[in-house]
2 protein chains.
Amino acid sequence: MPKNCNFIEKLREVGLRPTKQRIKMCEVLYNREKTFHFTINDLVKMISEKMNEKISLATVYNTVHAFEKKGYLKEISIDSHKSYFDTNTSAHHHFFDEDTHELIDCDESDIDKINIRKNITGKKINSVEVLVRVASDNQNQK
Amino acid sequence: MPKNCNFIEKLREVGLRPTKQRIKMCEVLYNREKTFHFTINDLVKMISEKMNEKISLATVYNTVHAFEKKGYLKEISIDSHKSYFDTNTSAHHHFFDEDTHELIDCDESDIDKINIRKNITGKKINSVEVLVRVASDNQNQK
DNA sequence: AATCTACATTATAATAATTCTAAACTATTG
DNA sequence: CAATAGTTTAGAATTATTATAATGTAGATT
């Protein structure tokens with residue numbers, strides 16, 4: 001994972017001005033070992049914990065959407081009430097734990113390549129995503 | 001597709017009281033050739049068009065959720081902003097047209113059965129769903 | 001058939017997530 | 001270093017959904 005100041009370059013490359021807020025958000029999102037999933041709410045908490053200066057909620061929304069548009073983040077649709085985002089922007093599938101509301105990445109080896117036989121005229125396939133919903137395996141659940 | 005009065009029976013079978021509102025909603029949802037997809041908003045419009053009496057928004061929400069819980073409806077997650085529901089409650093996959101926001105069912109023959117190799121300890125798989133996002137195939141789009 | 005009770009419906013208020021607004025600010029260009 | 005175009009901000013507005021509490025109704029009990 002890259003060092004802080006590289007983010008300035010990266011932002012510029014995709015045409016986003018490297019503002020103080022965007023750089024801070026990059027640090028929070030990308031200065032880590034592994035990719036991860038978050039909601040806007042999670043992210044706001046993470047930022048306010050890591051920072052002394054505060055950042056406006058509107059900016060978090062703006063920036064997340066700017067990052068998404070530029071391919072820095074991917075939105076995952078699971079739940080109609082919340083937006084989940086993923087710092088892993090490569091094509092991959094997910095498990096969703098319905099007990100904990102935790103989102104887990106699938107490795108490529110977990111699911112075979114999916115072959116779509118249907119064709120919709122004039123339309124091209126943008127993405128193929130599998131969502132595997134799991135829940136606790138108690139026999140005695142209703 | 002069944003005639004109106006059967007809905008009273010059906011509702012009773014799953015333990016839902018056959019109220020005037022629920023029967024009306026059954027008619028709107030299930031008295032038709034094909035299954036279909038809708039948002040709560042769509043449904044409210046459809047009901048108000050087909051009825052002379054009005055129905056409360058809260059009742060539409062309550063009833064849709066009651067139907068979902070009893071397996072009369074299935075929720076489809078595509079978009080974080082809206083809840084889509086499907087009167088086709090069997091396990092099946094979807095295409096989502098990102099231009100029109102239209103949801104299209106996949107037939108069983110469109111996608112092979114998906115084999116999940118990963119196992120999450122103590123968890124069972126509740127569902128495996130594929131979402132294929134499509135959009136218009138213009139070369140000259142940005 | 002009158003009464004009871006638990007469940008349903010309703011209008012409205014409340015909440016939550018997100019977007020809008022318009023003024024102040026700042027990175028970049030010339 | 002001034003101009004300008006993009007950015008941030010607080011707060012208001014919007015949208016989707018859920019909660020509330022009073023009223024209504026289905027089905028059971030008498």
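Letters A, B, ... are given to chains in the order of the sequence lines, protein chains preceding strands, and every chain is numbered from 1.
- At the heavy-atom level, A:Asn62 lies under 4.0 Å from base atoms of the strands shown.
- Distance check: B:Ile78 CD1 to B:His94 NE2 gives 7.0 Å after rounding to the nearest 0.5 Å.
- Not counting sequence neighbours, B:Glu49 has no partner by the side-chain hydrogen bond (donor to acceptor under 3.5 Å, both in side chains) test.
- No option in A:Asp112, A:Asp107, A:Asp110 other than A:Asp112 meets the salt bridge (Lys or Arg N to Asp or Glu O under 4.0 Å) test with B:Arg117.
- Using modelled atom types and a 3.5 Å distance limit, the side chains of B:Asp42 and B:Thr39 yield a donor-acceptor pair.
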Contact state string [nucleotides 25-30 of chain D, B base, S sugar-phosphate only, - no protein heavy atom under 4.0 Å]: -BS---

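- If you take CD1 of B:Ile78 and C1' of D:dA16, they are 16 Å apart, rounded to a whole angstrom.
- Not a single donor-acceptor pair under 3.5 Å links the side chain of B:Lys123 to the backbone N or O of A:Val134.
- Rounded to whole Å, the distance from CG on A:Leu11 to P on D:dT7 is 10 Å.
- Between A:Lys24 and A:Glu27 there is a salt bridge, since at least one side-chain N of the basic residue sits less than 4.0 Å from a carboxylate O of the acidic one.
- Nearest-nucleotide assignment on DNA chain D puts the 5′-proximal partner with A:Ala58, out of A:Ala58 and B:Tyr61.
- Between the P atom of D:dT17 and the CG atom of B:Asp42 lies a distance of 11 Å, rounded to the nearest Å.
- Distance OG/A:Ser83 to CG/A:Leu73: 11.5 Å, rounded to 0.5 Å.
- In 5' to 3' order, the nucleotides of DNA chain C bounding all contacts with chain A (an atom under 4.0 Å from a heavy atom) are C:dA17 to C:dT28.
- Of the candidates A:His93, A:His92, A:Glu129, A:His93 is the only one forming a side-chain contact (heavy atoms from CB on, under 4.5 Å) with A:Cys106.
- We find that CZ of A:Arg22 is positioned 11 Å from P of D:dT9, with the value rounded to whole Å.
- Between B:Leu57 and A:Leu57, the residue anchored closer to the 5' end of DNA chain D is A:Leu57, taking for each the nucleotide with the nearest heavy atom.
- Using modelled atom types, one side-chain atom of B:Tyr30 and one backbone atom of B:Tyr72 make a donor-acceptor pair closer than 3.5 Å.
- Backbone-only contact: A:Ile55 has heavy atoms under 4.0 Å from sugar-phosphate atoms and none from a base.
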